[in-house]
Enquirer: 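Input: one structure, supplied below.
Quantities reported herein were computed from a predicted structural model and do not represent experimental measurements. Naming convention: chains lettered A, B, ... in sequence-line order (proteins, then strands); numbering from 1 in each chain.
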Amino acid sequence: MSELRRPIESGVPDSKNFMHPMLVKNYGQWAWHDRPQPGVLRHVAKNGDTIYTVKAGSQRQLDVFAIREICDIADEFCEGYIRFTVRSSMEFMTTDETKVAPLIKRLEAAGYPVGGTGNSVGLISHTQGWLHCDIPGTDASGVVKALMDELFHEFKHEEMPNRVKITTSCCQINCGGQGDIAINVQHTKPPVINHDLVSMICERPTVVARCPVAAIRPAVVNGKPTLEVDEKKCVCCGACYPPCPPMQINDPINSKIAIWVGGKHSSTRSKPAFHKLVVAGLPNNAPRWPEVAEVVKQILAAYKQDARPWERMNEWIGRIGWPRFFEMTGLPFTKYHIDNWRGGRSNLNASTHLHF
Amino acid sequence: MSELRRPIESGVPDSKNFMHPMLVKNYGQWAWHDRPQPGVLRHVAKNGDTIYTVKAGSQRQLDVFAIREICDIADEFCEGYIRFTVRSSMEFMTTDETKVAPLIKRLEAAGYPVGGTGNSVGLISHTQGWLHCDIPGTDASGVVKALMDELFHEFKHEEMPNRVKITTSCCQINCGGQGDIAINVQHTKPPVINHDLVSMICERPTVVARCPVAAIRPAVVNGKPTLEVDEKKCVCCGACYPPCPPMQINDPINSKIAIWVGGKHSSTRSKPAFHKLVVAGLPNNAPRWPEVAEVVKQILAAYKQDARPWERMNEWIGRIGWPRFFEMTGLPFTKYHIDNWRGGRSNLNASTHLHF
Amino acid sequence: MSKKMPATPLLDQLESGPWPSFVTGLKRLANSKDARAGDQVKSLLGQLELSYETRKGYWKGGTVGVFGYGAGVIPRFSEVADKYPESAEFHTLRIMPAPAFFYDTKSLRDICDVWEEHGSGLIALHGQSGDIMLQGCTTDQVQKAWDKINAMGFDMGGAGAGIRTSAACVGPARCEHACYDTLTAMKTIIDDFVDDIHRPSLPYKAKFKFSGCANDCSNATQRSDYAIFGTWRDDMVVNQDEIKAKVAQLGRKEFINQVIRMCPTQALALNDDDTLDVDNKSCVRCMHCINVCTKALSPGNDRGITIRVGGKRTLKIGDLMGTVVVPFMKLDTEEDYEALLELAHRFLDFFADNALEHERTGEMIERIGLANYLEGLDLPLDLNMISQPRTNSYVRLDGWDEEARKWSERQTNAAE
Amino acid sequence: MSKKMPATPLLDQLESGPWPSFVTGLKRLANSKDARAGDQVKSLLGQLELSYETRKGYWKGGTVGVFGYGAGVIPRFSEVADKYPESAEFHTLRIMPAPAFFYDTKSLRDICDVWEEHGSGLIALHGQSGDIMLQGCTTDQVQKAWDKINAMGFDMGGAGAGIRTSAACVGPARCEHACYDTLTAMKTIIDDFVDDIHRPSLPYKAKFKFSGCANDCSNATQRSDYAIFGTWRDDMVVNQDEIKAKVAQLGRKEFINQVIRMCPTQALALNDDDTLDVDNKSCVRCMHCINVCTKALSPGNDRGITIRVGGKRTLKIGDLMGTVVVPFMKLDTEEDYEALLELAHRFLDFFADNALEHERTGEMIERIGLANYLEGLDLPLDLNMISQPRTNSYVRLDGWDEEARKWSERQTNAAE
Ligand code: SRM
Ligand code: SRM
Ligand code: SRM
Ligand code: SRM
Ligand code: SF4
Ligand code: SF4
Ligand code: SF4
Ligand code: SF4
Ligand code: SF4
Ligand code: SF4
Ligand code: SF4
Ligand code: SF4
C-alpha cells in the first residue's frame, strides 16, 4: 500500500478552466436563445456572438471507452470541451454553424441520440438500483434504459406541450426527486424481521426513531432484544431498512412500482408542486418493465394530445381536472388516492370548482 | 298560565305564499339582470317580464314600530311584499319602473339608506354582543352601527372593485363567519379562574375536552376539585368560557379587536378562502370603536384605489402580494402573522414567486 | 306609573350618524305605551349602558323552553338583575321564516303584534343562521308568544345539539343563475328533519345551507355542515351577439382583462372576430364569466346539485370549508328529491352514530378520513372530491388490486 | 487467464433498443484488457443478473475511506461474494466536478485513465446530487485512485451527516436568464464548507443548490436544504418591437392564450396596438413570459438572489419545499459574497446546534416554527416569506404591541 498522503482540500474546481472560450468571453452577456431544431440550442450574446449547443442523451453509467469516444467527438467538433447537464445529458458546443449537422451525424453514429431540448421528453433521472445501492427495490439503470428505448421518439422530437421531466427511484426514499412523471418503488407489505440479526447489528433506538408512524417498538424474542412492527400502523415505507437491514422490506412480489405525476420544481407560472399518486401495484418486471412503460406512454400520449403549449403536466391536469385525466388515461381511481397524511385535507376539493 | 298546547310541527313556511306575484309567475324563468343605479336591481324574465328591486339597509335589531313602517312602505309600493337578504338588507320589489324613484325617496326619508348592491360595501353581518349573548367580548349592534355610519358612502355607491362582505363577531367563536374584512374579538390573556364557581357549576371533563391545545387540567384548590390552565400553552381562545363561565376570559382591556381580511365563500374565480390576520391589539373602544373604523377604512381605501374590477379582496391581495398590501395600508407585520397552527406550513411561501 | 328612562350617555352616541340606529329603536320601545315591555327595555338599556361602560357582558344562560320541544328558546338571565330588574329575563325565540326570507306585510304585522303583547318588541331580521329572532321575553310569556306565532303557521327554529335553522339564497325566485330550486330543497329537507330541530339529540349542531350556484350567496361553504350548491354538467349557454356587444362595451383589452384573463382555468379565449371560444371541459363552473356577461352567458341546461360536507367555524381544530362529497345529482323529479332526502338522512345517521360529543361533521371526517366516511355512507368515490391525489407515499397499498377492480367494474357498469 | 463472461440472458435484453446501453458498456469493461477490472465487472454482471432474476439487491454498506477525510466513499460489499468473488467490494468515490459540469477532454481522459487503472472503469456522470461517481473500487485501491484524482485538482464530494456536493445550473455561462452568478456562488460557498463536507459532524445531511432564476434548472426547490435562486427587483426589460413580432408570429389570439392568459398574477395585458402592458408590481418573477418571448423580454437590471430553506424528500414528515427566508439580497460585490458566506454559516451553525439527530433543516423548522427560526438566526421578518398570513385565531398575542413597534421602527429606519 502506498504511503498515506494528506489530501489537498481544494474544494470545487473553477468552471472557467473547463469552459469553451466563447462562453468565457460572453460570461453573463447572453441576450437570447432559440432552438433551430430539436436537440440544438442557439445562444446569442449581446454583442452578437453565437454559440450552438448540440444536446445528446447518455446512459449516465458510462464506461471509460464510451467517455473516450465522447472526448474524441468533443475534440473533433468542440475544441475539446464538453459539459453535462443536471440530467446527465451531454452538451457539445461550437461557434461554427456548419459543424452542427456533421456533429449530430457523428453523435448518432456513435449511438448517442440527439434531442432532449425544449418541449421534448428529457433524459430520465438516474439513481443506483441493484447496481450499487444497499436498499434498492428495483434497478435504476435498467429502468432508465428500458423506458428511454420506449420514449426515444419523444426525446428526439419536440412534440410535447412543454418539457417533460421523468424521474425514477429504486426505493421509496426517492433519490430521483419530484417529476412530471415519477416512477417509484412502493412497498406493499410490512418488513419481515430477522430477529437474530436485529439483536446483533442494529442500533435499535435509531430504528425506532426513523419510523414515520411510530409502528416499531422494542421487543424480546427468544430472550434477545429485538424489534417488532405494529402491522396495522405500518405504512410499508421502508425507512427502517437502511438503518436496520434485518427489517427486510424488499420482496420480489410485494415491492411494487407506483407512478406519480405533476411534480414540478420550477416556479414558472404555477408554484412548485409535489408529484401525486396515479397508479400503484405495477409489477417490478425486470428486465424491461413493460407494464410501467405502458402506463408512462399512456400518460404522455394524453398530455401530448390534450395539453396546451407551455403547460407542464401539473398545470394541464389542473386545467382539465383530475377526473378527465383519469378518464383519458383509463387509470383506476381508488380510496388510496385520497390523501390521508398530515395536512392531507388540503388536497380535498374545498370548493365548488368541478370538472364534468 | 294558559293551558299547555301541543306545538303544530309545521316546519318551514312555503315561500310562494309570501312572494310578489311576479316572482311566482316567473319562478325559475329569469333570464338576466342589471343594475340601473346603485341600490336598484332589474331582473328580466325570459318572457320579458321585468321586476325592479330596491335594496335598503336596516339595523337588523328592529323594533316593531320600525317594522310597521317598513310594512307601510311595502304596502304602498310593493303590493304588500317584502323580503330580507341573508345579510339583513331589505328588498322592496315592484314591476313598475316609475315607482322606483319615489320608493327610494320614501325609504330614505324613513331613514333607510338605499344601496348595498353590486360592487358596494354591503351591510355588515350582525351578531349578538352585549345585547344578548352570554359570552361576548364586545357589542355587535353598536359595532355595526358605528361602522356603517363610517361606510355610509360606500354602501350607497358602487365604487368598489367587487362586492365587499364585512363581518363582525363579538367573541372569538365568530358567529359572523368569514369576510372580506372580519372584525373579531381576540383575547390576549388566559382566562382568570374563579375556583369556587368551577367546583360548583362546571362539568369539568367537558371543559377540558373543549380546549384546542390541551392547556386545561384538573386541579385541586382549597381542597375542592377545580381546573388550572397551563398559561404557556393557552392561546386565549375563550373556548373554555361557554361551557364554564368561571373561566373568565373577557376583560375590558385584554379582550382586544383583531381585523382579518380575504375570507371568501364563493367559488367564483378563485377557490373559497379563509380570512387572514392583518391587525390585532385594537382597543375595544365602545361606543364607536374609532380605531377599528380607521383600519377598516384604510383597507377599503387601498382596495378601492388599487384593485381591478371583479377582484375580491383576497384576489386583489393575491395579485399585488401581501408586501404591497401591508405597505399600502401601513399596517405592522409581526411574527404573529406567520401561521403556526397545524398545517400552517402551507401558508409559507414555498416558491420563488416574489413581489417587489 | 312607568319606570324612568335610564341615562345612556354612551349609547346615545350611537344615535348620531346616518345609519339607522338600534338605540333609537330601543328607546321607541322603552317609551311605548305597553308599560311591561317599556319597562323591560328601559331596564335593558340600563344594562347595555353598563356593558358599554365596563366593556363586559352581563347575561348568563339557563333553561327555558316551550311545551313539546327541546330547543328553540335561547334563555338569558341577567347577572345584574338587582340593578336592572325588569330585564332580568330576556329570552329569544328562534322562529323559522320562509326560505329566502320572503314576507307579506300581513304576517310581519301579525308577528309584531304578538311580540308587542308578549315580548319586548325587539325583533332581529334575521339571525346569522336564518332565524327570525324574537328577542326579549320573560319566562312566563314564552309559551304564550309561541302559541300565537305557531298558530300563524310559523315553527320554532334550532338550537343546541340538533339540526339548525337553514338558509337558502333567493334562487329561482329572482335569480337567473339558480341551477336548482334552493327554496323547495330547503323546505323539503328541513321539514323532514323537524324532529331533529325540535328535539336535539345529535352529537352536536348540524347546519344545512342552500346556494343556487357557485357564487354561494347563502355562505354555505364555511358556514354549514351540509352545503348544497347548484351547478351544471353540459356546456354553458353562449349568445355570441351579446358577447360582441360586451366586447364593444368594454373594449377589447378590457374584455380580455376582465373575462378571458380572470377565468381560473383558462377555459376562455377571444376569437379574432370578437366571439367567445369556450373550452367547456376546462370550465370549473365558477360563474365568473357568467356574472360579468349576464346577458351573453348562462349556466348549461343539464343542471343539478353538488353537495359539500364539513364546513364550520374554528372551534377545536380550526376553520373548515365543506369539501365535495356528492359532485353531481339531479334535483328535478320527485324521485330526485326522495333520493336527496334519503341521502340527508344517511348523513345525519352516520353523524349521530360516529361523531364524538361536541364534534361537528367536518371534525369527524378529519378524524376518520374522507375515504372511511364515504365507505361508511356507501357513497361512490369520485375524482371531483379531491383537488389532487395524495402527494405522500406513506400509505399501505395491500388492497390496491381489489380497489382498482372495484373502480373498473363501476366504470364498465356505467358504460353499459 | 481471465474469468469467463457470465451468462446474462436478462441483462442482454437491455442491449436491444436505440438508447445507449449500460450493459453494453459493462460488457466492454468486462472484456477489457485490464484483467483485474475485467474480472471485477464480469463478476458484477453475474451479481446484477442474479438481482434481475430474483428481483433483490445484494449490496451492503460498511466503512471505507481515505486518509484525512471522514466521508466521500460509499462502501459496497457483496452479500453474494461467494458466488461472485471479484466484485465482493465495489465502492464508489464521490468527486466534485466544476460547477455546472464543465469539462475539457484532457481532464476527462485523465480521470478515465486513473479509473481504468484503479477501479472498474465505470463512471456515473453524474450523481443526482452532482458528484462524479467513480463506481467499483476495491478497498485496497481506494486511496491510490483518490491520490491521483486529488492530484489532478479534484476534491472529494459529500456523504453522511455533512454538507453535500452541490449543483448549479449553467447560469451566466450560457443562459440569458441568469440573475446571478450561480457558478461562482456555488464555488464560493462550497469551498468555504470543505471541512463540513470532508468531516461530517452535522445532525444530518445538508445540501445547497443554485439556480439562476425561477425556472430552477438545478432542482433546488425540493432537492436542497438551502436553495439559492436568481431574481430581480426592478421592472422587467421589454423590447416592444420584438413583442409585436411575437404577436405577429403567434397570432393575436394565440399570443393572448400563451402569454397574457398564462401569467399567474394577471400582470400582463395586450394593448390594442399589440404592445405589452406590464404591471410590474403584480409580476412575481415567475419567468414564464420571458421564457416564451426570449427576444422581447428579460429580467430587470436590479438583480440578486432569493434564499429558500428547508427543501427535502419525504422521510419522517413528508416532502418539503424550501420556503423563502431571504427574499432578496444583492450578489455582485465581494462584500455581497462575504455577507452570503456569513449567512450560510449562520444557517449551518443554527442547524448544528438545534436539529435533532437525523433531522433535516426543513424538519427542524417545521418543529420549531419559522418565526423562531428567523429569530434564532436574527433574520428580519419579511412579507415575501409567507404566501398569506395566519388563517387561524389560535395564537397568543400578548406581545403584539411590542412586535408592532419593532416593525414600525424598522420601517422608519429603512425610510431614513
Ligand atoms: C442544461 C440545463 C441546465 C444545466 O445546468 O444543466 C437546462 C437548460 C435550460 N433550461 Fe432548464 N435546464 C436543465 C434542467 C432543468 C430542470 C431540472 C431537471 O431537468 O431535472 C428544470 C426544472 C424541472 C422542474 O420544474 O421540476 C428546468 C426547468 C426549465 C424551465 C421551466 C419549465 C417550466 O415551464 O416549468 C425553463 C423555461 C423554458 O422552458 O423556457 C428552462 C429553460 C432552459 C433553457 C432554455 C435556459 C436557457 O435560456 O438557456 C436551457 C435550454 C435547455 C434545453 O435543452 O432546451 N428550464 N430545467 C438542464 C438540462 C437538463 C436536461 O438534460 O434535460
Ligand atoms: C340578495 C342576496 C341573496 C339572498 O338570498 O339574500 C344576493 C343576491 C345577489 N347576488 Fe350574492 N347575494 C347575497 C349575498 C351574497 C353572499 C353572502 C353574504 O353576503 O354574506 C355572497 C358570498 C360572499 C363570499 O364570497 O363570502 C354573495 C356572492 C355573490 C357573488 C360572487 C362574488 C364574487 O365575485 O366572489 C355574485 C356574482 C356577482 O357579483 O355578479 C353574486 C351575485 C348576486 C346577484 C347579482 C345574483 C342575481 O343575478 O340576482 C344578486 C344581486 C345582489 C345585489 O344586491 O347586487 N353574489 N352574495 C344576498 C344579498 C346580501 C346583502 O344584503 O348584501
Ligand atoms: C344568534 C347568532 C348570532 C346572531 O346574532 O345572528 C349566534 C349566537 C350564538 N352562537 Fe353562533 N350564532 C349564530 C350563527 C352562527 C354561525 C353562522 C351561521 O349559522 O351561518 C356560526 C358559524 C358557522 C358554524 O356553525 O360553525 C356560528 C358559530 C358558533 C359557534 C362555533 C362552532 C364551531 O364549531 O366552531 C359557537 C360555539 C359552539 O357551538 O360551541 C356558537 C355559539 C353561539 C351561542 C349559542 C353562544 C354560546 O355558546 O353560548 C350564541 C347565542 C347568542 C344568543 O344570545 O342568541 N356559534 N354561529 C346566530 C344564530 C341566529 C339564528 O339562529 O339565526
Ligand atoms: C447516489 C445517489 C443516487 C444516484 O445514483 O445519483 C443517491 C444514493 C443514495 N441515497 Fe440519495 N442519492 C443521491 C441523491 C439524492 C437526492 C437528490 C439530490 O441530492 O438532488 C435526494 C433527494 C433530496 C434530499 O436530499 O432529500 C436523495 C434523498 C435521499 C434520502 C432521503 C432524505 C430525506 O430526508 O428524505 C436518503 C435516506 C437518508 O438520508 O436517510 C438517501 C440515501 C441514499 C443512500 C445513501 C442510501 C442509504 O441510505 O443507504 C444511497 C447510496 C447509494 C449508493 O450506493 O451510492 N438519499 N438522494 C445520489 C447522490 C449522488 C451524488 O452524490 O451526486
Ligand atoms: S432511490 Fe433508494 S435504492 Fe435508489 S439510490 Fe436512492 S436510496 Fe438507493
Ligand atoms: S416500513 Fe416504515 S412504517 Fe413500517 S415499520 Fe418500517 S419505518 Fe415504520
Ligand atoms: S360571536 Fe360570540 S359573542 Fe357574538 S353572538 Fe356569537 S357566540 Fe355570542
Ligand atoms: S382560553 Fe382556549 S386555549 Fe386557553 S385554556 Fe381556555 S380553551 Fe384552552
Ligand atoms: S347563489 Fe347563485 S343562484 Fe343563489 S342568489 Fe346567488 S347568484 Fe343567484
Ligand atoms: S364559469 Fe368560470 S371556469 Fe367556467 S369559463 Fe367562466 S370563468 Fe372560466
Ligand atoms: S435556472 Fe434560469 S438561469 Fe439557470 S439555466 Fe435555468 S433558465 Fe438559465
Ligand atoms: S414573469 Fe411571470 S409573473 Fe411576471 S409578468 Fe411574466 S408571466 Fe407574469
Side-chain angles (χ1 to χ4, degrees), chain C residues 221-223 240 243-244 247-279 282-284 286 288-289 292 311-321 362-363 366 388-397, chain D residues 221-223 240 243-244 247-279 282-284 286 288-289 292 311-321 362-363 366 388-397:
Chain C
T221 288
Q222 183 256 353
R223 283 169 52 180
Q240 294 288 12
I243 288 287
K244 286 186 191 176
V247 176
Q249 182 209 324
L250 289 175
R252 263 203 133 225
K253 179 177 175 186
E254 206 44 33
F255 183 88
I256 294 166
N257 291 357
Q258 289 188 26
V259 182
I260 307 298
R261 201 169 65 167
M262 290 185 115
C263 169
T265 46
Q266 301 173 15
L268 301 173
L270 187 60
N271 294 319
D272 288 331
D273 65 354
D274 287 357
T275 57
L276 195 66
D277 173 0
V278 184
D279 173 12
S282 299
C283 167
V284 288
C286 88
H288 170 70
C289 58
V292 180
K312 65 172 295 286
R313 183 48 190 160
T314 202
L315 283 186
K316 298 196 283 301
I317 67 169
D319 290 68
L320 299 175
M321 308 266 190
E363 293 163 331
E366 175 77 6
Q388 54 180 27
R390 69 165 52 251
T391 55
N392 184 287
S393 58
Y394 292 159
V395 57
R396 178 87 178 256
L397 288 175
Chain D
T221 289
Q222 182 256 354
R223 284 169 51 180
Q240 295 287 10
I243 288 288
K244 286 185 190 171
V247 176
Q249 181 210 325
L250 288 175
R252 261 201 135 227
K253 180 178 173 185
E254 206 43 33
F255 183 89
I256 294 166
N257 291 358
Q258 289 188 28
V259 182
I260 307 298
R261 201 170 63 168
M262 287 185 118
C263 168
T265 46
Q266 301 174 12
L268 301 174
L270 187 61
N271 293 320
D272 289 330
D273 66 354
D274 287 356
T275 58
L276 194 65
D277 173 1
V278 184
D279 174 13
S282 299
C283 168
V284 288
C286 87
H288 171 70
C289 58
V292 179
K312 67 173 292 286
R313 182 50 189 159
T314 202
L315 283 185
K316 297 196 286 298
I317 66 169
D319 290 68
L320 299 175
M321 307 265 191
E363 293 163 332
E366 175 78 4
Q388 54 180 26
R390 70 164 52 250
T391 54
N392 184 287
S393 59
Y394 292 159
V395 56
R396 179 83 178 257
L397 288 175

Enquirer: Let me confirm one number: the OH-CG distance from D:Tyr394 to C:Leu315, rounded to the nearest 0.5 Å.
Expert: 4.5 Å
Enquirer: Restricting to non-hydrogen atoms, name the atom on D:Arg261 and the atom on C:Ile260 that form the minimum distance, rounded to 0.1 Å.
Expert: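 Minimum heavy-atom contact is CD-CG2, 3.8 Å.
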Enquirer: Side chain from CB out, backbone as N, CA, C, O: work out which of these in C:Asn271 comes under 4.5 Å of a heavy atom of chain D, or both, or neither.
Expert: both
Enquirer: Specify the closest pair of heavy atoms between C:Gly318 and D:Asn392, including all atoms of both residues, with the distance to one decimal.
Expert: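 Closest approach of C:Gly318 to D:Asn392, heavy atoms only: CA-ND2, 3.4 Å.
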Enquirer: What heavy-atom pair brings D:Leu270 and C:Lys253 nearest, and what distance separates the two atoms?
Expert: O-CG, 3.4 Å
Enquirer: Nearest heavy-atom pair of C:Ala269 and D:Asn257: which atoms, and what distance?
Expert: CB-OD1, 3.5 Å
